[in-house]
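One structure is given below, encoded as structure tokens.
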Amino acid sequence: MGDETATRELPKAYAPADVESAIYDRWLAADVFAPDGAGSRADQSKKPFVIIQPPPNITGALHLGHALTFAIEDAMIRHARMQGRPTLWLPGLDHASIAAQYVLDKIIATEGESRESLGRERYLERMWRFINETREVMLGQERRLGASADWGRLRFTMDEGSARAVRVSFKQLYDQGLAYRAEGLINWCPGCRTSVSDLEVIPTPETGTLWSIRYHLIDDATGKPSPTETITVATTRPETILGDTAVAVHPEDDRYRTLVGRRVRIPFVDRDVPIIADDVVDRAFGTGAVKITPAHDKDDHATGQRHGLPMISVLADDASINEAGDGYTGLDRYEARKRIVADLDARGDLVGSKPHEMVIGRCQRSNDVIEPRLKTQWFIRTDPLAASALRATRDGETRIMPARFEKVWENWLTNIHDWNVSRQLWWGHRIPAWYCPDGHVTVSAEIDGPARCETCGRAAAELRQDPDVFDTWYSSGLWPFSTLGWPDRTEDLRRYYPGTVMETGYDIIFFWVARMMFTGLQFMDSAPFETVYLHGMVKDPYGQKMSKSKGNIVDPLEAIDRAGADAMRFALLNGTSPGNDQKFSNERLEDGRNFANKLWNATRFVLGARPTSIAADAARRAPDEADLGPAERWIRSRVAATVEVVDKAMGEYQLAEATRALYDGIWSEFCDWGVELAKVRLADASLPDATRQATWWTLVEGIDTFVRLLHPVMPFITEALWASLPHATDDPELLIVASWPAGGRRDAAIERDVDAVLELVRRIRNARTEAGIETSAWIDAEVAAPSGLNALVTELRPQLERLTRVKATILPPDVARKDVPGAVSVIAGGLEAYLQPRQDPAVAARERERLARELDVIEGRLASAAGRLADEAFTSKAPAHVVEGARRSHAELEAQAASLREKLAE
RNA sequence: GGGCGGUUAGCUCAGUUGGUCAGAGCACCUCGCUUACACCGAGGCUGUCGGGGGUUCGAGUCCCUCACCGCCCACCA
């Protein structure tokens with residue numbers, strides 16, 4: 001700050017909106033977010049700290065889950081920045097292919113348009129218009145949350161950098177045989193008109209109907225269906241009869257053993273298909289015979305492959321029956337189902353129907369019932385990729401936090417299926433594959449596509465590009481390096497890859513985290529991050545998932561308007577643990593605001609208590625050692641204790657622990673005791689200037705330290721307070737780049753001794769209440785302190801008096817107290833106090849009751865302590881320090897009991 | 001069908017390697033405008049740490065088992 005030590009006056013009342021509005025722009029202007037920004041004070045020789053952030057979907061407003069992610073990431077990055085490390089938080093937005101189309105489709109529907117009415121080109125134009133609007137809204141929200149990301153590097157997963165990475169990576173995968181095109185059974189969403197990955201299919205319990213249907217066996221002699229010889233199968237989807245190519249029974253099912261090898265006629269399509277034996281069939285279910293539709297069921301598909309069955313598709317893109325469905329062609333799947341059931345009934349082949357509890361797959365996006373279908377698509381071979389990912393976590397190259405997710409990770413990666421990446425959507429990265437009229441495939445990483453067919457050399461003009469786009473997560477999966485210039489070997493890549501912490505919700509561990517691991521290991525030869533930090537979900541106050549349909553969404557901006565971004569960040573971080581869900585409530589938000597208010601006022605008090613002998617614009621300096629009293633030394637030591645806890649917690653990414661320690665340290669220790677103790681000296685005009693200055697500087701030092709420690713969690717208020725504090729000459733103008741507090745000086749002896757006095761204060765307050773002495777009345781008291789504490793108690797007498805409202809006489813050690821009748825006695829460790837209220841028989845009576853109660857408690861504890869020490873097993877097996885501690889506390893209890901008995905005997 | 005998480009004061013939750021760990025905030029009760037803060041201060045109340053069993057000198061803390069709630073994965077038509 002140089003010579004410019006002028007500080008800003010703090011407004012009387014804490015108003016989050018006023019505090020927060022100006023500060024973000026000051027950070028931006030100072031250029032402190034970039035790892036090498038002009039205002040950065042990073043030591044460029046230190047290892048950079050890099051956060052990998054899940055780029056939010058560019059589909060609209062941020063929700064509380066985003067706010068949590070940003071709060072965590074921002075706290076981490078600010079902490080690292082204050083430690084002097086170059087920090088990179090590369091912000092971004094995801095084009096969210098299917099999600100964006102879903103949202104836009106709804107919007108254009110209100111405009112009377114549709115995908116079809118606009119056509120691909122105009123639809124995409126409309127999409128760009130839409131995302132250009134949401135982009136600004138979202139970035140504005142991120143700034144209000146306080147995100148200190150490097151905006152100069154903002155990336156969008158549809159920009160050319162990403163596009164190039166997509167093309168190049170896919171070409172490489174193809175060349176290495178890890179990407180292939182094949183006909184496979186895929187999950188089709190009729191609403192979205194695209195295939196979706198297994199992860200996007202939500203198993204949903206529903207009550208359906210199980211129909212039993214009779215198929216007629218073919219009479220071997222006549223080659224015609226027998227009117228009487230039948231086999232009954234059960235199905236929940238009668239319309240798939242049209243695609244049946246077999247009936248299966250269990251090989252050891254005696255009921256059907258003789259039928260295996262015979263043929264049955266499929267109704268309506270009049271196809272004769274075999275009865276096969278396969279142990280996939282559950283004899284106990286239904287009739288023990290199952291119809292096989294390989295083109296429209298996962299199990300049946302596998303069965304079909306095992307038995308070389310034909311696969312007949314009967315569904316069109318809109319889930320209507322296609323031309324293979326003979327008389328039902330063109331009917332919607334559910335209409336066809338109804339008609340087929342009725343027609344079966346008319347034929348007399350419907351045996352029965354009953355309600356059936358089942359699990360049905362629905363589209364994560366549109367909630368439509370997913371239909372398995374055969375399609376020729378692009379797939380990524382996942383086995384080798386999953387193996388590398390597993391190796392990385394097993395070797396410890398990447399650590400997952402909390403560790404229990406390693407099990408989930410292992411389980412998923414060891415049972416993984418190939419990844420279908422083709423999407424029949426328009427918004428997204430077009431698959432860089434071209435087909436020539438002869439069916440040859442050419443994959444090209446060139447932006448303009450291949451010059452000719454790789455196989456037959458036909459010219460580009462004759463080639464046709466695959467109309468499909470990639471699954472959104474394909475480009476997201478390239479994020480950690482595509483954002484740093486890959487495939488070029490850039491300086492950024494060398495410096496910032498791999499990242500330090502990848503932070504995200506546990507809900508996208510498979511979608512995103514696993515895929516980044518795949519691609520990082522494949523293309524960069526090392527895992528993309530050292531630590532995977534997974535946070536939980538933010539639920540409503542009743543533990544329900546927040547969703548638009550439930551109407552229980554909390555808008556982070558509303559929360560900020562109500563209590564400030566600092567309060568919201570505090571609420572999201574405090575009292576939570578990594579990987580666990582949290583309920584967000586107004587109460588927790590208020591906690592955060594109250595805490596901010598407390599710190600604000602404490603700072604205001606300290607600044608206002610500046611002794612006149614210190615100039616208003618004096619540079620901050622450490623208090624002179626010789627002028628510190630026990631209270632000051634205690635304060636300093638306790639502040640150092642908070643530094644220790646917070647420093648350790650932040651180092652382990654235990655943000656909740658750090659937050660809690662700060663709340664306690666600032667409120668329960670510094671404000672409740674430190675400031676109150678300090679007030680005595682500050683107000684005492686009879687003291688030398690040097691003494692009062694030392695007290696004040698001690699408080700300033702405390703605030704200074706807390707403001708630094710709290711900055712990662714509550715950046716705005718701390719930055720505002722920083723501006724009003726006196727500073728040392730090497731302090732920067734802005735707290736955001738100030739140094740993280742070094743471990744301070746702990747003083748175990750002073751902590752122990754002053755704590756004893758504070759305990760006496762608590763006991764005296766307690767005794768006053770119990771004895772019914774008015775809180776406002778000043779009373780006399782004698783205080784007895786052993787020689788070890790006598791000098792300290794004498795020195796702290798004014799503080800003791802102020803905090804307890806007693807006029808205290810400190811007895812010299814070993815001097816018996818004057819026996820005053822009616823005195824209320826208090827014992828705290830080695831210290832004792834005798835309160836002398838005005839004569840009041842009621843007080844005396846209550847006092848005897850209180851003493852008796854206390855003796856009761858003490859004797860109870862004494863008995864258990866004695867029992868423990870008498871137990872030979874304990875004394876011989878427990879570690880020495882534990883036994884020693886037990887002895888000490890036993891002795892103390894005994895002394896207290898003796899003293900109480902003596903008083904009661906009076 | 002597997003797996004994971006949760007079950008600690010009326011409510012929301014902390015409790016790292018087993019030994020003052022029975023805690024915090026809110027709520028509640030009683031006082032209180034003492035020169036920061038009523039978004040405050042002082043004091044107080046509430047819990048066989050889900051049930052049962054086990055290991056140990058000693059267990060919310062480790063093991064087994066059961067119950068309920070939630071989540072994830074899974075090819076029962």
Side-chain angles (χ1 to χ4, degrees), chain A residues 10 12-14 198 203 210-211 233-237 240 248 280-282 284-287 289-293 297-303 356 358-359 402 404-405 407-408 411-412 415 506-507 509-510 536-537 539 541 543 545 563 567 574-577 579-585 587-588 590-609 648-649 652 654 656-657 660 663-664 668 671-672 675-676 679 682-683 761-762 765-770 774-776 802-805 861 865 868 871-879 881-883 885-886 889:
Chain A
L10 277 187
K12 185 162 163 35
Y14 166 58
D198 293 347
L210 186 66
W211 285 276
V233 298
T235 182
T236 55
R237 294 187 298 157
T240 61
V280 75
V281 178
D282 176 358
F285 188 90
T287 59
V290 54
K291 59 191 271 316
I292 302 295
T293 321
D297 183 276
K298 217 169 188 177
D299 286 344
D300 293 3
H301 183 72
T303 307
H356 182 62
M358 55 196 238
V359 173
R404 67 183 138 90
F405 283 102
K407 213 166 204 171
V408 181
N411 186 42
W412 191 72
N415 297 298
Y506 65 69
D507 57 332
I509 183 168
F510 307 134
M537 303 294 108
K539 306 284 189 67
K545 198 170 172 175
N574 190 39
T576 63
S577 48
N580 283 356
D581 294 350
Q582 61 170 299
K583 297 179 184 125
F584 190 86
S585 64
E587 286 72 32
R588 293 185 48 205
E590 279 173 7
D591 275 356
R593 185 205 48 190
N594 293 352
F595 179 47
N597 184 250
K598 185 72 182 179
L599 178 63
W600 180 272
N601 281 297
T603 305
R604 221 162 48 79
F605 168 77
V606 170
L607 294 175
K648 178 166 184 289
E652 296 166 350
Q654 299 287 350
E657 170 66 5
R660 188 203 55 75
Y663 188 92
D664 273 1
S668 307
C671 291
D672 287 355
V675 172
E676 295 306 317
K679 278 178 181 174
L682 289 172
V761 168
R762 271 187 286 262
R765 285 168 169 173
N766 176 331
R768 285 184 61 129
T769 304
E770 291 198 26
E774 320 89 279
T775 38
S776 57
R802 180 194 165 92
L803 294 177
T804 55
R805 280 183 105 75
R861 278 197 228 159
R868 214 162 152 220
D871 185 356
E872 214 267 322
F874 172 71
T875 51
S876 65
K877 292 189 181 175
H881 72 274
V882 174
V883 176
S889 87

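Keep in mind it's a predicted model, so treat the numbers as computed, not measured. Residue numbers start from 1 in every chain, and the chains themselves are labelled A, B, ... in the order their sequence lines are given, proteins ahead of strands.
Side-chain contact check for A:I292 versus A:T303: some heavy-atom pair is nearer than 4.5 Å. The shortest distance between side-chain heavy atoms of A:R802 and A:E676 falls below 4.5 Å. Between A:D300 and A:K291 the shortest side-chain heavy-atom distance does not fall below 4.5 Å.
The phosphate of B:A77 (OP1 or OP2) has no side-chain N or O of A:K298 nearer than 4.0 angstrom. Phosphate proximity of B:C39 to A:N601: absent, as no side-chain N or O sits under 4.0 Å from OP1 or OP2. Close to B:G44, at under 4.0 Å from its OP1 or OP2, lies a side-chain N or O of A:N766. Contact annotation: A:K679 reaches the phosphate of B:A36 (side-chain N/O to OP1 or OP2, under 4.0 Å).
When the nucleotides B:A77, B:C40, B:C4 are ranked by their closest atom to the side chain of A:N594, B:C40 comes out on top. Closest to the side chain of A:V408, out of B:C26, B:C37, B:C72, is B:C72. In this structure, the nucleotide among B:U34, B:C76, B:A36 sitting nearest to the side chain of A:A602 is B:A36. Proximity note for A:R765 (side chain, C-beta onward) versus B:G43, B:A14, B:C26: the nearest is B:G43. Each of B:G19, B:C39, B:A77 was ranked by its minimum atom distance to the side chain of A:P879; first place goes to B:G19.
Backbone-only contact: A:D672 has heavy atoms under 4.0 Å from sugar-phosphate atoms and none from a base. Base engagement by A:R593 is indicated by at least one non-hydrogen atom pair under 4.0 Å involving a base atom. Nucleic acid contact for A:S585: none, since no nucleic acid atom lies under 4.0 Å from a heavy atom of the residue. Using a 4.0 Å heavy-atom cutoff across all strands shown, A:R762 reaches sugar-phosphate atoms only and no base atom. Across all strands shown, A:H881 has no heavy atoms under 4.0 Å from either base or sugar-phosphate atoms. Among the protein residues, A:S577 comes within range of the sugar-phosphate backbone only, with heavy atoms under 4.0 Å from sugar or phosphate atoms but none that close to a base. Using a 4.0 Å heavy-atom distance criterion, A:K583 is classed as a sugar-phosphate-only contact. Residue A:P203 is classed as having no contact, given no heavy-atom separation below 4.0 Å to the nucleic acid. Within the 4.0 angstrom heavy-atom criterion, base atoms lie near A:A878. No engagement by A:E770 is indicated, since no non-hydrogen atom pair under 4.0 Å with the nucleic acid exists. Within the nucleic acid shown, A:A683 comes within 4.0 Å of at least one base atom, counting heavy atoms only. Using a 4.0 Å heavy-atom criterion, one finds that A:Y663 contacts the sugar-phosphate atoms exclusively. Note on A:T775: only backbone sugar-phosphate atoms sit closer than 4.0 angstrom, heavy atoms only; bases stay farther off.
Nearest-nucleotide mapping onto RNA chain B: of A:R404 and A:R237, the residue sitting toward the 5' end is A:R404. The residue among A:T235 and A:K539 whose nearest nucleotide of RNA chain B lies closer to the 5′ end is A:K539.
Put simply, NZ on A:K545 is 20 Å from P on B:G6, counting in whole angstrom units. We find that CE of A:M537 is positioned 13 Å from P of B:C71, with the value rounded to whole Å. Rounded to whole Å, atom C1' of B:C37 lies 11 Å from atom CZ of A:F605. Taking atom CD on A:E590 and atom C1' on B:C26, their separation rounds to 9 Å, with Å as the unit. The nearest whole Å value for the distance from the CG atom in A:L682 to the C1' atom in B:A36 is 12 Å. Here B:C40 presents its P atom at 14 Å from CG of A:L599, a figure rounded to the nearest Å.
The glycosidic torsion of B:G43 lies more than 90° away from 0, placing the base in the anti range.
Counting only N and O atoms by type, the side chains of A:N580 and A:S577 include a donor and acceptor under 3.5 Å apart.
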**Request:** Run the numbers on A:M358 and A:T236 for side chain to side chain contact (heavy atoms under 4.5 Å, CB included), then give the verdict.
**Result:** CA-CA 9 Å; A:M358 55 196 238; A:T236 55; 3.7 Å; yes
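Within the shown strands, B:C73 is the pairing partner of B:G1 under the Watson-Crick or G-U definition, both distances less than 3.5 Å.
Annotation: cation-pi geometry satisfied between A:K679 and A:F605 (NZ/CZ under 6.0 angstrom from ring centroid, within 45° of ring axis).
Between the base of B:A36 and the side chain of A:E676 there is a donor-acceptor pair shorter than 3.5 Å. Residue side chain A:K407 does not reach the base of B:C4 through any donor-acceptor N/O pair under 3.5 Å, judged by distance alone.
Under 4.0 Å is where a charged nitrogen must lie from a carboxylate oxygen, and between A:D297 and A:R237 at least one such pair does.
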